[in-house]
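Below is one structure, written out as structure tokens; comments come after it.
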Amino acid sequence: MLRVLGQNFLKKSIATKFSSRMSHFIKTDMKLNIALCQLDVCDDKRTNIDNAVKNIREAANKGANLVMLPECFNSPYGTKHFPQYAEGLEDSETLSAISSVASEKNIYIVAGSIPTIENGKYYNTSCAYNTKGERIAVLRKVHLFDINVPGKIVFQESEILTAGDQFATFELEHDDKTIKVGMGICFDIRFAEMAQIYQKQNCSLLVYPGAFNMTTGPAHWELLARARAVDNQLFVALCSPARNTSSGYVAYGHSLIVDPWGSKVVEADENPTVVFGEADFSKVSELRDQIPSVKNKRSDLYTLINHNK
Ligand SMILES: NC(=O)CCC(=O)C(=O)O
């Protein structure tokens with residue numbers, strides 16, 4: 001099912017530990033309506049928050065059970081902006097608005113990411129909220145975006161940001177069924193091992209708020225989403241800011257959801273929009289039975305070690 005609609009339309013964080021529990025989450029026939037809010041982000045924080053809340057409300061009214069926001073949705077994306085826009089996790093104006101709308105609309109929200117300040121250090125942080133508005137996971141971007149493609153793009157997140165050192169997952173309940181969701185932020189999608197660890201932890205959906213650019217976006221954005229989906233046989237959702245050619249960093253857009261087969265469930269263009277896709281999680285176990293690339297790994301010959309214990 002594919003629908004595209006225009007825009008004019010606890011406090012408990014789970015720092016995950018590697019474990020093989022809860023394999024029953026994989027076999028489920030849960031169907032989840034996911035909305036990706038590809039927001040137009042400007043330099044006024046309050047406007048960005050209000051715009052996010054408005055889009056979340058509209059997505060929920062149209063039947064979304066899980067709403068995703070983009071990387072850096074309350075601030076322009078750029079190292080010079082992070083200190084100015086950063087908020088504490090516990091007194092965040094932005095996250096308090098997101099928590100309220102999650103409970104108001106009875107939906108799960110992956111709150112894209114925002115710059116945060118904790119113990120004097122800046123992070124790029126994504127939080128997840130449940131239907132009661134409780135924060136159920138916190139992921140500080142693990143792999144910082146430090147690239148230098150001569151003549152094209154230089155970006156050094158590590159000038160300002162500190163990398164997170166914990167992975168994060170959360171359990172999502174819908175229709176009396178449960179799935180597990182693994183979280184990453186943008187550049188994290190390039191690291192196949194992180195996704196594989198989430199797969200080993202029995203995640204059926206990986207979410208990456210992201211802001212690829214006009215050099216790497218056309219080349220790698222969809223490729224990486226499809227690669228992570230196929231090599232781990234699960235759903236992958238990416239949510240970008242809309243493209244704004246007058247901003248300092250021009251995001252690629254093209255928010256998308258990919259299924260375990262590697263097919264696109266839905267894809268946005270570059271404009272501000274909310275796109276909806278249905279994730280039918282029966283496809284995960286079905287495909288794993290048909291093509292046993294997850295089941296038939298030769299752990300006698302190789303293994304993935306997670307030091308994040
Ligand atoms: N915000 C980011 O991490 C951008 C990542 C990116 O563009 C890439 O090519 O990777």
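Both counts, for ligands and for their atoms, begin at 1 and track the order of listing.
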Original post:
Side-chain donor-acceptor pair under 3.5 Å between Gln196 and Asp231, yes or no?
Top reply: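 Result is no, nothing qualifies.
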**OP:** Would you kindly say whether Thr273 and Asn271 are connected by a side-chain donor-acceptor distance under 3.5 Å?
**Re:**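 Checked: Thr273/Asn271 side chains show no N/O donor-acceptor pair below 3.5 Å.
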Original post:
Do any N/O atoms on Phe187 end up under 3.5 angstrom from N/O atoms on ligand 1?
Top reply: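 Among all N and O atoms of Phe187, at least one is under 3.5 Å from an N or O of ligand 1.
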Subject >> Geometric N/O contact Arg190 with ligand 1, under 3.5 angstrom >> reply: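 There is such a contact, yes.
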Close approach of [X] to ligand 1, heavy atoms, under 4.0 angstrom:
{"X": "Glu157", "value": "no"}
{"X": "Tyr249", "value": "yes"}
{"X": "Tyr252", "value": "no"}

Original post:
Does the Tyr249 side chain pair with the main chain of Ala211, one donor and one acceptor, at a distance under 3.5 Å?
Top reply: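 Flag set: sc Tyr249 to bb Ala211 pair under 3.5 Å.
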Original post:
Sub-3.5 Å donor-acceptor pair from the side chain of Thr169 to the main-chain atoms of Gly182, do we have one?
Top reply: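 No: the side chain of Thr169 does not pair with the backbone of Gly182.
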Original post:
Of the protein's non-hydrogen atoms, which lies at the shortest distance from atom 7 (O) of ligand 1, and what is that distance?
Top reply: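 Of the protein heavy atoms, Asn213 ND2, 2.9 Å lies nearest.
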Original post:
Nearest protein heavy atom to atom 6 (C) of ligand 1, by residue and atom, and its distance?
Top reply: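 Here the closest protein heavy atom is Phe145 CE1, 3.3 Å.
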Below a 4.0 angstrom heavy-atom separation, can you tell me which part of [X], side chain or backbone, both or neither, approaches ligand 1?
{"X": "Tyr77", "result": "side chain"}
{"X": "Phe212", "result": "both"}
{"X": "Glu71", "result": "side chain"}

May I ask you to decide whether [X] forms a salt bridge with [Y], counting only side-chain N to carboxylate O separations under 4.0 Å?
{"X": "Asp29", "Y": "Lys177", "result": "yes"}
{"X": "Asp44", "Y": "Arg46", "result": "no"}
{"X": "Asp269", "Y": "Arg243", "result": "no"}

Original post:
Got Thr79 and Leu161 here, is their nearest side-chain heavy-atom distance under 4.5 Å?
Top reply: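 They are not in side-chain contact.
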**OP:** Provide the number and element of each atom of ligand 1 under 4.0 Å from a heavy atom of Thr216.
**Re:**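 Per the distance check, 6 (C), 7 (O), 8 (C), 9 (O).
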Original post:
With a cut-off of 4.0 Å, which atoms of ligand 1 are near a heavy atom of Lys141?
Top reply: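 By the 4.0 Å cutoff, the relevant atoms are 1 (N), 2 (C), 3 (O).
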**OP:** Begin with the C-alpha distance, continue with both residues' side-chain angles, and end with the deciding distance and a verdict on ring-ring contact (aromatic ring centres under 6.0 Å, His included) for Phe212 and Tyr252.
**Re:** CA-CA 6 Å; Phe212 270 45; Tyr252 177 55; 8.0 Å; no
**OP:** Would you mind finding which of Ser240, Ala219, Cys186 brings a heavy atom closest to atom 4 (C) of ligand 1?
**Re:**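 It is Cys186 that holds the nearest heavy atom.
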